[in-house]
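Nothing fancy with the numbering, it's 1 onward along the sequence.
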Amino acid sequence: DTLSKNVQTAMSGNYTIGGTTPDYNTFNDALNDLVARGVCGPTNFNVRDGDYDEQMNIPAIGGASAINRITFQSQSADSTKVRLHKAANVSQNWLINLNGADYITFKKMTLERDGISGAGVVVLMNNGTTGDWILNCRLYARYQSATCILNQSSGQNTADSLCIFRNNLLKRANYGLYWYGATTSYKPGVVFENNTCDSQYAYAIYSYYNNDCKYRGNTITNAGAGTTGGMGFYLYYSNGKLEVINNKVIGGSGTYYGIYQYYCTATSTTHGIIANNMISLPNSGYYGMYQYGNNYQDVVYNNILMSGTNTYYSYYTTSGSGGNIFMKNNNFVNLGGSYAMYCAAPSYFSACDNNNFWAPGAANFAYWNADYNSISSYRSGTGQTNSQNVNPSFISNTDLHVQGNGINNKGAAYTTVTYDIDGDTRSGTTPDIGADEFTPVPDDAGILTLDSPTVYCGGVKNIKVKIIFYNQEIF
């Protein structure tokens, strides 16, 4: 007897989807071949401009690896020209399901869950995916209970790891990024870099049970757009070498927290770092930054502004089981009538100094186990002799670059972060306080507003102006 079996050659190289005389008419035609044949080299699917109404359920593909990556990308390199979309439905509640699929890339496309109802997910990742990338895409979730990117390791014994999301727009949805790791198997987490998260109804970034996550260079606007209690960053048991660096959080009416950090644990040799962030809550938010129970975290070079009327704090921490918090070179500003910083647990800190506190409308600008209303009493009462009480004169409530001179060269050297939010090199000996390393204006005062005359018709007139003193310090 003779047995025979037809074997197809594994895929490698470049293929086309859609348009005139393509290799594949649809995404799923290409996917069916991938599943049947596997890959033996880097495999690229160049997608012609068009509208593709379909879902993709992608399992593990034979032969896929860090070298043999599988890429779906816009042939025109324009993310607005290729649109993969599907209305939400209950039985298959995702647009793309990376179901144990490793080393898959989607690049320069629009990925959208359309329709007006249903808790649809744009990209679902589960069953231990590794090395998947979403690059330069627009991810739209039309309905408020949806999620743009959802990691589904909760309740599983494997965690999705080493995934990269870079240069994307995440629009609407309840969550922009929801990254929930496996409770029994913390693995290297996500790199979420240079993305824009806009108008999420609750959380822009939700990170739970992860190691070594990197959140760098992202812009978050209007988190909490459809509710109250919205957050820019929710970091819960995000352990290891966590990096929250060079991000901007511009709150909306429902944004209550810029950064919420809870029981994030690192080690004495590898710290978590929260640095070079600009956080502005222009409405009645609760906390620019909230920390509880964390261990070995460095909070350095941040600008945090609360500008709406409030009874809460730009920075807040209270007692917990954590400690070893290193906090230097931050601007904490509250223009809403309450504290710039509130600390009920000084033992939480391994070091705290060279920070600037500005709360001109408050009875006390800081709490460090006691109220303080002058910088001289704060310095003597806390031992933080290099702390400042100076108006940093931010450009605006949403642009927290500094114009004032009073915090120039007032920071402490910190060798781990050698650049600012704009990529400018930090001074190695006397850096500036805050996210922005700046060159001060030569004058220490300027005209803030021209109040009168409102119309000038020539001749000699008296004028009325408001003057701002950039380096004003209150004693």
Side-chain angles (χ1 to χ4, degrees), residues 7-86 94-113 121-140 148-149 151 160-170 190-195:
V7 178
Q8 292 181 295
T9 304
M11 302 181 74
S12 179
N14 298 314
Y15 304 86
T16 57
I17 296 176
T20 304
T21 62
D23 296 305
Y24 300 98
N25 289 316
T26 69
F27 280 85
N28 278 289
D29 288 343
L31 177 59
N32 291 337
D33 241 11
L34 271 176
V35 173
R37 297 167 60 183
V39 297
C40 60
T43 303
N44 302 311
F45 294 96
N46 298 311
V47 186
R48 270 75 176 271
D49 295 350
D51 194 88
Y52 299 84
D53 184 3
E54 52 184 318
Q55 293 172 288
M56 297 181 72
N57 184 16
I58 307 177
I61 304 298
S65 68
I67 295 175
N68 296 342
R69 177 168 291 278
I70 301 165
T71 300
F72 295 87
Q73 60 189 354
S74 168
Q75 187 177 65
S76 63
D78 186 340
S79 64
T80 68
K81 297 293 181 63
V82 173
R83 178 174 176 251
L84 177 64
H85 68 102
K86 196 72 177 179
W94 35 258
L95 176 68
I96 298 169
N97 181 19
L98 295 168
N99 189 12
D102 299 334
Y103 304 106
I104 306 293
T105 296
F106 284 87
K107 185 177 180 181
K108 295 184 178 178
M109 299 166 54
T110 294
L111 310 174
E112 182 174 354
R113 290 310 304 266
V121 177
V122 179
V123 178
L124 173 63
M125 314 182 79
N126 60 39
N127 289 327
T129 61
T130 298
D132 293 328
W133 299 350
I134 308 292
L135 310 175
N136 300 91
C137 287
R138 304 190 308 163
L139 292 88
Y140 288 178
C148 288
I149 301 172
N151 165 274
D160 304 307
S161 62
L162 304 175
C163 296
I164 296 175
F165 307 97
R166 182 179 292 132
N167 299 329
N168 302 291
L169 169 63
L170 287 71
V190 64
V191 175
F192 193 80
E193 188 171 58
N194 298 333
N195 301 288

Is the side chain of [X] donor-acceptor paired with the backbone N or O of [Y] at a distance under 3.5 Å, no angle test?
X	Y	answer
R113	V121	yes
R48	T20	yes
T43	G41	yes
R69	G131	yes
T71	Q73	no
N195	N168	yes
T16	D23	yes

Tell me, do [X] and [Y] make a side-chain contact under 4.5 Å, heavy atoms counted?
X	Y	answer
L98	L124	no
P42	N68	yes
R166	N136	no
M56	N97	no
C163	M125	yes
F106	V123	no

L170 vs F192, test: side-chain contact (heavy atoms from CB on, under 4.5 Å). Steps then yes/no. CA-CA 12 Å; L170 287 71; F192 193 80; 4.0 Å; yes
Walk me through whether V122 and I149 qualify under side-chain contact (heavy atoms from CB on, under 4.5 Å). CA-CA 6 Å; V122 179; I149 301 172; over 6 Å; no
What's the spacing between [X] [atom1] and [Y] [atom2] if we round to 0.5 Å?
X	Y	atom1	atom2	value
T105	I70	OG1	CD1	9.0 Å
L84	Y52	CG	OH	9.5 Å
S79	K108	OG	NZ	9.0 Å
L139	L95	CG	CG	8.5 Å
T130	L162	OG1	CG	6.0 Å
W94	N126	CH2	CG	10.0 Å

Is it true that [Y] and [X] share a donor-acceptor pair across their side chains at a distance under 3.5 Å?
X	Y	value
T129	D102	no
D49	Q75	no
N44	Y15	no

Return the minimal non-hydrogen interatomic distance between [X] and [Y], and the atom names on each side.
X	Y	result
G19	P22	O-CD, 3.5 Å
D132	A101	OD2-O, 2.7 Å
V39	L34	CG1-CD2, 3.6 Å
F45	A30	CE2-CB, 3.6 Å

Those residues at least two apart in sequence (or on a different chain) that pass side chain to side chain contact (heavy atoms under 4.5 Å, CB included) with T26 are N28, D29, E54
Please lay out, stage by stage, how N167 and L135 fare under the test side-chain contact (heavy atoms from CB on, under 4.5 Å). CA-CA 6 Å; N167 299 329; L135 310 175; over 6 Å; no
Hey, mind stepping through F165 and V191 against side-chain contact (heavy atoms from CB on, under 4.5 Å) and telling me if it holds? CA-CA 6 Å; F165 307 97; V191 175; over 6 Å; no
